[in-house]
Amino acid sequence: SWTAMISGYAQHGYGEEALNLFRQMQHEGVKPDKVTFVSTVKACSCMSAQEQGKWIHAHIIKSGSESNVFVGS
């Protein structure tokens, strides 16, 4: 699944690959879940990618997931 791949890349320090998969997932119209968002934020932090982190944050807000304790913390 998209989330498994993104999570695996993020957990092993391949932030750029995780973000690329997230973008491809978005492009194909697949909606991310809370685990996808957390993994993508982790990918941004691994890379010290502040701008990408802001972009992901905007997606989290747009999806309404910021009220989810798992994603919000």
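No experiment lies behind these values; they were computed from the predicted model shown. For this chain, numbers begin at 1 and follow the sequence in order.
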Which atom pairs, one a donor and one an acceptor, fall under 3.5 Å between side chains of residues 16-24 and the rest of the protein, sequence neighbours left out?
{"residue": "N20", "atom": "OD1", "partner": "R23", "partner atom": "NH1", "Å": "3.1"}
{"residue": "N20", "atom": "ND2", "partner": "E16", "partner atom": "O", "Å": "3.3"}
{"residue": "Q24", "atom": "NE2", "partner": "E28", "partner atom": "OE2", "Å": "3.4"}

Handout entry: Side-chain heavy-atom pair P32, T40 within 4.5 angstrom cut-off
Key = no

Fill in the blank from the handout: By side-chain hydrogen bond (donor to acceptor under 3.5 Å, both in side chains), Q11 pairs with (sequence neighbours left out) S7

Exercise for the section: Please list, chain by chain and in numerical order, all residues satisfying side chain to side chain contact (heavy atoms under 4.5 Å, CB included) with K31, sequence neighbours excluded. Expected result: none

